[in-house]
Number of protein chains: 2
Amino acid sequence: MSPPATTPPRRADARRNVAAILDAAQECLIRDPEATVAQIAQAAGVGRVTLYGHFATRTELVDAVFERVTAQADTMLAATDVSGDPMAALARLVTANWQVVHRFRAVLAAAERELPPARVRGHNDRHLRRLTALLARGRAEGAFRTDLPEQWLATTAYTLMHAAAHECAAGRLDPVGAGVALTATLTAAFAPPPPPGAPGGHGT
Amino acid sequence: MSPPATTPPRRADARRNVAAILDAAQECLIRDPEATVAQIAQAAGVGRVTLYGHFATRTELVDAVFERVTAQADTMLAATDVSGDPMAALARLVTANWQVVHRFRAVLAAAERELPPARVRGHNDRHLRRLTALLARGRAEGAFRTDLPEQWLATTAYTLMHAAAHECAAGRLDPVGAGVALTATLTAAFAPPPPPGAPGGHGT
DNA sequence: CCGATCTCAAACAGCCGTGTTCGAGTTATG
DNA sequence: CATAACTCGAACACGGCTGTTTGAGATCGG
């Protein structure tokens with residue numbers, strides 16, 4: 001039989017190595033979703049064979065990292081309060097969610113690339129649902145616009161989070177400014193459009 | 001020596017094949033940015049060797065397709081009128097630009113993946129500049145918000161165009177609805193935020 | 001301190017993609 | 001129609017990645 005991949009290793013150093021591998025894999029996949037098993041092993045300070053001793057397959061490793069990351073993400077999001085004024089709740093949720101995207105974007109990209117779609121959906125939908133729930137409530141209360149599909153609003157939010165993360169990674173935006181820009185943009189984009197007879201300049 | 005890759009082929013059928021290859025490559029790369037040379041050759045109804053006779057390298061082929069696509073994109077965008085009321089001009093530019101993204105997103109992804117970054121920047125910046133120019137003018141005229149970096153507004157616009165294209169490709173949005181949603185969202189997101197003492201319900 | 005557990009380098013097999021060579025066959029074109 | 005231009009399938013070399021085997025050695029843990 002192969003060494004225990006599902007059963008936790010018996011010896012302390014083995015368990016330590018598994019942890020090191022997961023750490024290294026997460027870090028490597030964040031830098032490059034196509035990172036090689038060899039690269040990950042080296043980053044973990046471990047032989048390639050040892051890695052295969054703990055994770056039979058590259059896919060299995062990615063899956064483990066994905067599991068780990070979603071757990072961390074859940075922790076970061078669980079604390080967010082989505083009650084009260086929808087617009088304020090949106091700002092809170094977006095701020096928290098953006099941090100998650102900022103950190104784990106690349107890992108999710110790797111997961112989406114080589115894990116069965118259903119696997120990713122399951123974990124992802126949970127986060128999405130928190131947003132759509134807030135969206136639905138806010139629309140019912142008249143705090144958010146209802147002239148566009150809910151689906152599109154959710155897409156807008158997530159897309160802009162990814163964009164902010166990307167800009168941040170490229171050094172064109174600092175994390176603080178990104179948070180500000182995100183909430184300002186989404187607040188404006190989600191507010192109900194003023195009726196035709198609004199005050200102010202109207203053009204011709 | 002190698003067959004004429006830079007010099008156009010002398011014979012009619014050869015020129016026809018080059019065209020077929022470019023067509024097939026464009027189509028294949030749109031479906032999958034990692035499409036194989038073999039797949040492209042087959043789609044073009046041509047032997048792999050023949051393809052290599054006209055394009056010494058996969059990179060060279062991608063470059064040619066990229067060249068072609070940017071030319072088409074330029075044509076589609078050149079006609080857009082960006083004068084007049086900034087908000088209306090934005091709507092026009094976004095609608096036109098979105099069509100481009102909708103069609104060629106995947107090819108650009110392929111190009112970004114395996115062409116020297118400078119190559120892509122050059123052609124891309126031209127389109128970007130049209131938007132930023134409009135942005136600058138609109139901000140100066142008070143039609144667009146100035147409380148966020150211009151860079152961020154541009155990113156927002158392009159990101160949402162890509163998102164709309166993606167939603168469209170996934171069948172969750174029809175092209176018409178996408179255009180509407182895009183302009184509605186960007187119009188709201190780019191408008192100057194109302195000063196603190198605005199009318200309407202304010203909560204608590 | 002001894003044995004079970006774990007590590008590891010080297011080397012191998014298999015797959016897949018790129019790019020090249022060869023030799024024979026086809027087709028345009030003057 | 002004859003020749004230069006072009007096409008094509010098969011086969012090869014090359015490199016990279018995955019996953020496996022082997023056998024010797026290090027290390028934990030009772």
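What's counted below: heavy atoms across the whole structure, side chains too, no hydrogens, waters or symmetry copies. From a predicted model like this one, the values you see are computed outputs, not experimental measurements. Throughout, a chain's letter reflects where its sequence line sits, starting with A, and its residues are numbered from 1.
- OP1 and OP2 of C:dC6 both lie 4.0 Å or more from every side-chain N or O belonging to A:H54.
- Annotation for B:V82 and B:R137: closest pair O-NH2, 2.9 Å, computed over non-hydrogen atoms.
- The CZ atom of B:R58 sits 16 Å away from the C1' atom of D:dG16 (whole-angstrom rounding).
- Between A:V49 and B:V49, the residue whose closest nucleotide on DNA chain C is further toward the 5' end is A:V49.
- Distance B:D32 CG to C:dG17 C1': 13 Å, rounded to the nearest Å.
- Relative ring orientation between A:H102 and A:W98 is described as parallel, the plane-to-plane angle staying below 30° on a 0-90° scale split at 30° and 60°.
- When distances are taken from the side chain of B:Y52 to each of C:dG19, D:dT20, D:dG9, the shortest belongs to C:dG19.
- Counting to the nearest Å, the C1' atom of C:dT18 and the CZ atom of B:R113 are 16 Å from each other.
- Between B:Q39 and A:G45, the residue whose closest nucleotide on DNA chain C is further toward the 5' end is A:G45.
- Other residues, nucleotides and ligands contribute more than 12 heavy atoms inside 6.0 Å of the CZ atom of B:R119.
- Taking atom CD on B:E114 and atom C1' on C:dT18, their separation rounds to 12 Å, with Å as the unit.
- Heavy-atom nearest nucleotides on DNA chain D were determined for A:T59 and for B:N17, and the one closer to the 5' end corresponds to B:N17.
- The side chain of A:R48 has D:dG19 as its nearest neighbour among C:dG17, D:dG19, C:dT21.
- Within a 6.0 Å radius of NE2 in A:H166, other residues, nucleotides and ligands contribute 12 heavy atoms or fewer.
- Picking from C:dC6, D:dA10, C:dC8 the nucleotide with the shortest atom distance to the side chain of A:A14 gives C:dC6.
- Nucleic acid contact class of B:V37 (heavy atoms, under 4.0 Å, all strands): sugar-phosphate only.
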Nucleotide by nucleotide, nucleotides 25-30 of chain C touches protein heavy atoms under 4.0 Å in the pattern (B base, S sugar-phosphate only, - none) --BSS-

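- Listed here is the closest heavy atom pair of A:A96 and A:T80: CB-OG1, 3.4 Å.
- Regarding contacts with the backbone of C:dG19, a side-chain N or O of B:T57 is found under 4.0 angstrom from either OP1 or OP2.
- A straight line from CD of A:E34 to P of C:dG17 spans 14 Å, rounded to a whole angstrom.
- Between the OG1 atom in A:T155 and the CG atom in B:L173 there is a gap of 8.0 Å [rounded to 0.5 Å].
- We find that CG of A:L61 is positioned 10 Å from P of D:dG19, with the value rounded to whole Å.
- One atom, CG of A:L51, and another, P of C:dA9, lie 13 Å apart when rounded to the nearest Å.
- When all heavy atoms of A:F190 and A:M87 are compared, the pair lying nearest together is C-CE, 4.4 Å.
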